[in-house]
Peer 1: 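Quick one: the structure is below, questions incoming.
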2 protein chains.
Amino acid sequence: MEDVAGLAGVSAMTVSRVLNAPEKVRPETRARVLAAVQELGYRPNFAARSLVTGRSGVLGVVSMDTTLYGPASTLYGIERAARQHDYLVSIASLQALTRRSIAEGVERLRSQSVDGVIIIAPHESAAEGLRHLPKDLPVVDVGGGEGVPVPVAAVDQASGAARATRHLLSLGHRTVWHLSGPANWIDASGRIRGWRSALEAEGCEIPEPLVGDWSAQSGYEHGRRMAHDPEITAVFAANDPMSLGLLRALREAGKRVPEDVSIVGFDDVPEAAYFWPPLTTVRQNFGEVGGQALQLLLDRIGGVEGDVRRMVEPELVVRESTAQRR
Amino acid sequence: MEDVAGLAGVSAMTVSRVLNAPEKVRPETRARVLAAVQELGYRPNFAARSLVTGRSGVLGVVSMDTTLYGPASTLYGIERAARQHDYLVSIASLQALTRRSIAEGVERLRSQSVDGVIIIAPHESAAEGLRHLPKDLPVVDVGGGEGVPVPVAAVDQASGAARATRHLLSLGHRTVWHLSGPANWIDASGRIRGWRSALEAEGCEIPEPLVGDWSAQSGYEHGRRMAHDPEITAVFAANDPMSLGLLRALREAGKRVPEDVSIVGFDDVPEAAYFWPPLTTVRQNFGEVGGQALQLLLDRIGGVEGDVRRMVEPELVVRESTAQRR
DNA sequence: CTGTTAGCGCATTCAT
DNA sequence: ATGAATGCGCTAACAG
């Protein structure tokens with residue numbers, strides 16, 4: 001910076017001003033400095049600035065398995081939004097969602113002095129972890145449940161599940177079975193809630209939910225059993241991979257979809273339109289959730305207080321895996 | 001830090017040593033310092049350390065669309081490996097893989113003084129971008145082509161494609177058609193190369209490759225056309241989503257897989273085993289690639305010179321979408 | 001093994 | 001509108 005100042009014939013201070021508050025410097029001086037910056041290829045030292053301002057310009061994201069479609073898309077949304085606000089995003093991925101591992105991930109990020117952290121941890125045990133966070137670090141949760149002590153951005157799972165269920169009911173099905181995710185996942189319980197309330201509202205019988213583990217394999221295994229039950233004419237599966245497994249199991253057992261059984265999934269992964277048959281499913285706008293989470297975090301960093309919940313509405317995408325009950 | 005030093009009755013320097021080179025401090029002193037650190041909840045200031053050491057402990061990853069299975073998995077592998085070496089990973093995702101956008105991503109990362117950058121950009125235009133990188137920044141490329149001027153970690157695409165092709169040939173098919181990715185993607189051209197050479201080695205006719213865009217939709221569209229040609233009994237598709245589209249198109253047209261047409265994909269996404277029929281495909285170990293890339297980068301940061309290529313062998317996973325020619 | 005001195009590159013404060 | 005002095009928190013180099 002001294003060099004730049006020298007070349008431009010000003011003091012280091014002026015260079016600093018040009019970079020941080022250009023309007024406080026006379027245009028001609030500014031131009032000279034900028035030219036010098038260009039010529040010398042000067043790059044501000046981030047660590048030094050951070051040392052004196054106390055802010056790093058880096059945000060952290062703690063997440064489990066960023067390989068899954070949901071977390072990956074959310075992360076992508078966060079990163080895109082962060083870029084627009086001139087923030088960089090660092091990631092800490094977790095092996096498990098225990099209170100300890102969450103604390104550890106946050107700690108790792110914090111030791112690099114991130115300005116705030118977004119936690120993607122749609123699991124009950126995460127809520128516990130969120131309660132024991134350092135108070136002096138702005139934190140936002142993505143997909144968190146009700147009792148979470150920090151701002152939350154999430155897709156309205158219950159609403160999406162209700163849409164799916166009502167769609168099936170409107171097709172004349174007596175009731176709707178549910179292949180759910182593991183019970184201690186926030187998303188899973190939200191979807192169960194929405195499904196159940198939609199059935200209740202219509203006075204339908206409420207079957208016991210079948211519990212899968214999100215994988216296509218678990219959908220397949222449950223599907224093999226369901227195929228034997230002629231009562232089952234409509235199934236709402238809690239995500240698209242399970243729907244895929246379900247689809248295959250039913251077909252192998254000689255059931256036709258949607259003629260014999262209608263199926264609705266959840267997520268709308270890019271491939272869902274090319275399942276066989278094309279899958280009716282509930283689309284989650286993860287990018288939007290990521291953007292909302294970032295905004296919430298920026299607010300927090302800016303000193304805005306209070307617990308906020310930003311809910312994003314999911315959307316039912318009707319394709320060919322659902323049909324009128326016969 | 002002064003406070004810690006005071007409480008432990010030592011100088012600030014000793015505290016610093018305890019944190020960075022514990023073996024250079026007498027155990028009892030060390031214990032006292034550690035206790036003081038605990039009690040005061042002291043956290044080293046990262047920016048200050050970085051300012052004086054010149055290293056930040058942060059690595060950058062530049063990638064396009066971390067939503068796709070390949071990049072997401074690679075990123076995950078990198079992050080996991082980085083954690084073991086006490087590095088944090090920051091990401092810069094790109095909208096497009098032009099020379100400009102790559103330079104911009106690297107620049108964004110560099111302005112936050114990352115110690116090195118890994119570029120996931122399996123696209124030809126990226127090679128151009130890689131040639132114009134700052135010389136003073138350690139860079140490693142994932143999935144890059146031959147002429148790339150930096151160390152590269154990648155799956156051996158040609159080898160995987162050859163395996164897939166030979167598998168089909170060994171099943172008695174006269175030749176193998178290829179549904180490729182866009183020509184300017186490194187992976188796509190590597191797979192074309194491997195497929196072609198395997199056909200040549202057996203003296204088979206080499207059909208013109210059909211060019212898709214990686215999406216299930218493009219697989220579907222090409223599939224509709226291919227279904228009319230009775231000559232086509234074996235297809236090697238350049239990734240799993242295209243295979244999915246292909247599968248559906250063929251079936252809709254009344255062709256059976258694998259009885260009428262055999263299909264091999266590439267990637268082995270988690271759902272591939274639940275396609276209908278379960279997809280024979282080539283598994284890429286992205287985690288391994290990520291780990292290798294990180295190691296390469298660490299070497300570079302450590303001053304190791306030279307262009308290195310670390311190739312990871314893919315593996316053929318035989319399932320039920322391929323069968324003997326009838 | 002431990003302490004002292006110095007300075008990393010920048011922004012804040014107070015002058016001019 | 002610009003400059004000079006000061007210190008952010010830490011570690012490298014040297015001294016003891």
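The figures here come from the full heavy-atom set of this structure, side chains too, leaving out hydrogens, waters and symmetry mates. Proteins come first, then strands; the chains are lettered A, B, ... in the order of their sequence lines, and each starts at number 1. Because the structure is predicted, anything quoted here is derived from the model rather than measured.
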Peer 1: Is a salt bridge present between B:Glu79 and B:Arg83, judged by a nitrogen-to-oxygen distance below 4.0 Å?
Peer 2: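 Counted as a salt bridge, because a side-chain N and a carboxylate O are separated by less than 4.0 Å.
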Peer 1: Rounded to whole angstrom units, what separation is found between the CD atom of A:Gln112 and the P atom of D:dC10?
Peer 2: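 Roughly 14 Å, once rounded to whole Å.
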Peer 1: Could you tell me whether A:Arg108 and A:Glu104 make a salt bridge, using a distance below 4.0 angstrom between a side-chain N and a carboxylate O?
Peer 2: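 No salt bridge links A:Arg108 with A:Glu104.
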Peer 1: Does B:Tyr42 reach a base, just sugar-phosphate, or nothing at all? Heavy atoms under 4.0 Å.
Peer 2: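 Sugar-phosphate contact only.
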Peer 1: Nearest whole angstrom, please: distance from the C1' of D:dG16 to the CZ of B:Arg17.
Peer 2: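 In whole Å, D:dG16 C1' and B:Arg17 CZ are 12 Å from each other.
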Peer 1: Report yes if a side-chain nitrogen or oxygen of A:Thr14 is closer than 4.0 Å to either non-bridging phosphate oxygen (OP1 or OP2) of D:dG3; otherwise report no.
Peer 2: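 For A:Thr14, the contact criterion (side-chain N or O under 4.0 Å from OP1 or OP2 of D:dG3) is met.
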Peer 1: Taking OP1 and OP2 of D:dT11, is either one under 4.0 Å from a side-chain nitrogen or oxygen of B:Ser16?
Peer 2: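 Yes.
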Peer 1: Tell me whether the OP1 or OP2 atom of C:dT2 has a side-chain N or O from B:Ser11 closer than 4.0 Å.
Peer 2: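 So the side-chain polar atoms of B:Ser11 never come under 4.0 Å of the phosphate oxygens OP1 or OP2 of C:dT2.
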Peer 1: Just by distance, with hydrogens left out, do A:Ser90 and B:Ser90 show a side-chain donor and acceptor under 3.5 Å apart?
Peer 2: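 Yes, because at least one side-chain N or O of A:Ser90 sits under 3.5 Å from a partner of the opposite role on B:Ser90.
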Peer 1: Rounded to whole angstroms, how far apart are CD on A:Glu2 and P on D:dA5?
Peer 2: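 Nearest whole value for this atom pair: 12 Å.
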Peer 1: Go through D:dT11, C:dC8, D:dC8 for me and flag the one nearest to the B:Met1 side chain.
Peer 2: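 Minimum distance to the B:Met1 side chain belongs to D:dT11.
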Peer 1: OP1 or OP2 of C:dT2 less than 4.0 angstrom from a side-chain nitrogen or oxygen of B:Arg26, does that happen here?
Peer 2: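 Looking at the OP1 and OP2 atoms of C:dT2, one of them is under 4.0 Å from a side-chain N or O of B:Arg26.
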Peer 1: At 4.0 Å (heavy atoms only), tell me whether A:Val52 reaches a base, stays on the sugar-phosphate, or touches nothing.
Peer 2: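 Base: the residue A:Val52, judged by heavy atoms under 4.0 Å, touches a nucleobase.
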Peer 1: Check this one for me: any side-chain N or O of B:Thr29 less than 4.0 Å away from OP1 or OP2 of C:dT2?
Peer 2: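 B:Thr29 to C:dT2 OP1/OP2: side-chain N or O found under 4.0 Å.
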Peer 1: What's A:Ser50 touching, base or sugar-phosphate or nothing? Going by heavy atoms closer than 4.0 Å.
Peer 2: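 Nothing, no nucleic acid heavy atom in range.
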Peer 1: Rounded off to whole Å, could you give me the CG-to-P distance for the A:Leu40 and C:dG9 pair?
Peer 2: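 The answer, rounded to whole Å, is 14 Å.
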Peer 1: Starting at CG of A:Leu297, measure out to CG of A:Asp141 and round the result to the nearest 0.5 Å.
Peer 2: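 Rounded to the nearest 0.5 Å, the CG-CG separation comes to 11.5 Å.
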Peer 1: Which is more 5' along DNA chain C, the nucleotide nearest B:Val10 or the one nearest A:Thr53? Just name the residue.
Peer 2: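 With B:Val10 and A:Thr53 compared, the 5'-side residue is B:Val10.
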Peer 1: Mind calculating the distance between CG (B:Asn20) and P (D:dA12) to the nearest angstrom?
Peer 2: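 B:Asn20 atom CG is separated from D:dA12 atom P by 7 Å.
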Peer 1: Does the distance from a Lys or Arg side-chain N to an Asp or Glu carboxylate O, for A:Asp136 and A:Arg110, drop under 4.0 Å?
Peer 2: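 Judged by the 4.0 Å cut-off on N to carboxylate O distance, A:Asp136 and A:Arg110 do form a salt bridge.
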Peer 1: Round to a whole Å and report the spacing from CZ of B:Arg49 to P of D:dT11.
Peer 2: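 So the two atoms are 5 Å apart, to the nearest Å.
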Peer 1: What is the distance from CG of B:Leu19 to P of D:dA12, rounded to the nearest Å?
Peer 2: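 After rounding, the gap between these two atoms is 12 Å.
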Peer 1: Would you mind reading off the distance between B:Lys24 atom NZ and C:dT2 atom C1', rounded to a whole angstrom?
Peer 2: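 That distance rounds to 12 Å.
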